[in-house]
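Data first, discussion second: the structure below is written as structure tokens.
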Amino acid sequence: MGAGAEQLALRDGAGSAPHGGGGSGGSCPNGTSMCSAASTLRLATCLPNALERIEEVLREGRRVVLFLDYDGTLSPIVDDPDRAFLPEATRQVLREVASRYTTAIVTGRSKGKIMSFVKLSNVVYAGSHGFDIDGKLAGVGDISHRVAFEYRPSLVAAKTDMEKRLRQYAGASVEDNTLSVSFHYRKCEGDQIGAIESFVNGVAKQHDLALTRGKMVFELRPRVAWNKGKAVEYLLKAMKMDGEDVLPIYVGDDLTDEDAFKVLRGRGVSVIVAETHSTRLTVADLRVNDPSEVRQLLLYFARRQHYPCTALDA
Ligand SMILES: O=P(O)(O)OC[C@H]1O[C@H](O[C@H]2O[C@H](CO)[C@@H](O)[C@H](O)[C@H]2O)[C@H](O)[C@@H](O)[C@@H]1O
């Protein structure tokens, strides 16, 4: 871990080093033992705000590479997954940030869908939870990597099975993310969720797929050892950004982002998007409140004066 991140942790009111280092239990306003140094998992609300600490993190001068989740991070959560558009102000600042720092979007969305939402050519896209990577960086060239595409027929079959049962679960919808399939229950009655989970679990078993959980969504994906964390490791190498002089920063809100947070322990800085009333446990180092604070964080990168630029086309 970079010294900056370690200092951050030790000075944090939460009192624990995020990467298993020292420090004593501290004064988290929530007063919970989850904030103690002995625990790796901490309440998100115990974490310092990234907007207050980012300058300190960057002081050591490592070259920054940014990994950004989409839903709930760049784009606010909305009821209809097809209408989770990127706010125009965020697109503008993201374009600017990506012209200065190597930037990748790591999302559960299909690659096609995320490209249609973000509409920027100077970022790398890791769709389907990192199973489907595509992008082009000046000085590096094409970055393209698809994992477990042989599972596509099983995913299509699972999607068909789930669609057939949609009428039974009012409000539910199915989303094809190419190398994962989402079953959304945000608009379903609360008492249906148990039945939905058993149903989706059955479909997962039938087609030999893995089941993961997100924000009011169950997701089926190939049963292989790959996730957003593996995608980040792959990308760091492919981007030629895997040296000790590099500081990877990952911002995300969902459970699937924890895989990436874990990979960055001892190596980078992870920022969870979680509101002040959140009960979420996380291995992240820092927190921001919501996508508008993510935009403020990006704005900080866009406006920063003295920085080692890492986007090779800048
Ligand atoms: O990795 P992410 O970019 O965070 O994608 C994870 C899932 O996000 C989307 O679902 C979530 O956002 C929707 C729109 O705000 C919301 O309606 C839904 O309840 C959330 O779970 C997306 O639709 C999924 O396919 C992604 O896997």
Side-chain angles (χ1 to χ4, degrees), residues 44 66-87 90-91 94 103-120 123-134 155 158-159 162-163 166 169 171-190 192-193 196-197 200 204 209-222 226-232 235 250-263 270-275 278 280 282 284 288 290-292 294:
L66 285 168
F67 296 96
L68 305 166
D69 168 54
Y70 184 75
D71 290 281
T73 298
L74 290 171
S75 161
I77 294 290
V78 292
D79 281 351
D80 180 354
D82 287 335
R83 300 196 61 78
F85 304 118
L86 183 67
T90 304
R91 188 183 342 276
L94 185 56
T103 303
I105 306 221
V106 187
T107 175
R109 300 286 188 155
S110 71
K111 197 174 66 187
K113 187 85 182 186
I114 192 63
M115 285 173 166
S116 75
F117 276 149
V118 175
K119 299 190 186 92
L120 293 176
V123 300
V124 173
Y125 294 94
S128 307
H129 293 293
F131 281 73
D132 198 3
I133 296 174
D134 205 4
L155 288 158
K159 178 187 146 220
M162 293 197 288
E163 281 170 342
L166 272 182
Y169 304 114
S173 64
V174 174
E175 183 182 4
D176 184 349
N177 288 319
T178 309
L179 285 168
S180 64
V181 183
S182 300
F183 193 99
H184 291 278
Y185 61 87
R186 182 169 293 279
K187 291 190 270 182
C188 296
E189 295 297 331
Q192 286 194 305
I193 294 162
I196 291 174
E197 182 165 17
V200 176
L209 296 167
L211 169 66
T212 60
R213 290 159 182 81
K215 289 188 167 169
M216 302 208 180
V217 66
F218 294 115
E219 294 185 288
L220 301 186
R221 58 164 76 182
W226 194 263
N227 53 42
K228 287 183 172 186
K230 298 272 182 196
V232 165
L235 280 169
Y250 189 106
V251 189
D253 72 312
D254 217 338
L255 287 175
T256 57
D257 296 309
E258 295 289 334
D259 293 318
F261 296 164
K262 281 180 201 147
V263 158
S270 47
V271 181
I272 187 168
V273 186
E275 290 182 345
S278 172
R280 169 77 173 273
T282 182
V288 288
D290 54 30
S292 76
V294 174

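Basis for what follows: all heavy atoms, side chains included, without hydrogens, waters or symmetry-related copies. When a ligand or atom number is given, it counts from 1 through the structure's own listing order.
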May I ask you to say whether K228 pairs ionically with D69, meaning some side-chain N is under 4.0 Å from a carboxylate O?
yes
Of all residues at least two apart in sequence or in a different chain, which pass the side-chain hydrogen bond (donor to acceptor under 3.5 Å, both in side chains) check with K159?
none
Considering residues at least two apart in sequence or located in another chain, which fulfil the side-chain hydrogen bond (donor to acceptor under 3.5 Å, both in side chains) criterion with D290?
S292
Per-ligand residue contacts, ligand 1, heavy-atom threshold under 4.0 Å
D69, Y70, D71, P76, I77, V78, D79, P81, A84, T107, G108, R109, H129, E175, N177, S182, H184, R186, K215, V217, E219, K228
Between Y250 and F261, what is the ring plane arrangement, given parallel below 30°, perpendicular above 60°, and tilted in between?
perpendicular
Taking only residues two or more places apart in sequence, or in another chain, which ones meet F218 in a ring-ring contact (aromatic ring centres under 6.0 Å, His included)?
Y185
For the atom pair CD (E258) and CG (D253), what is the distance rounded to the nearest 0.5 Å?
10.0 Å
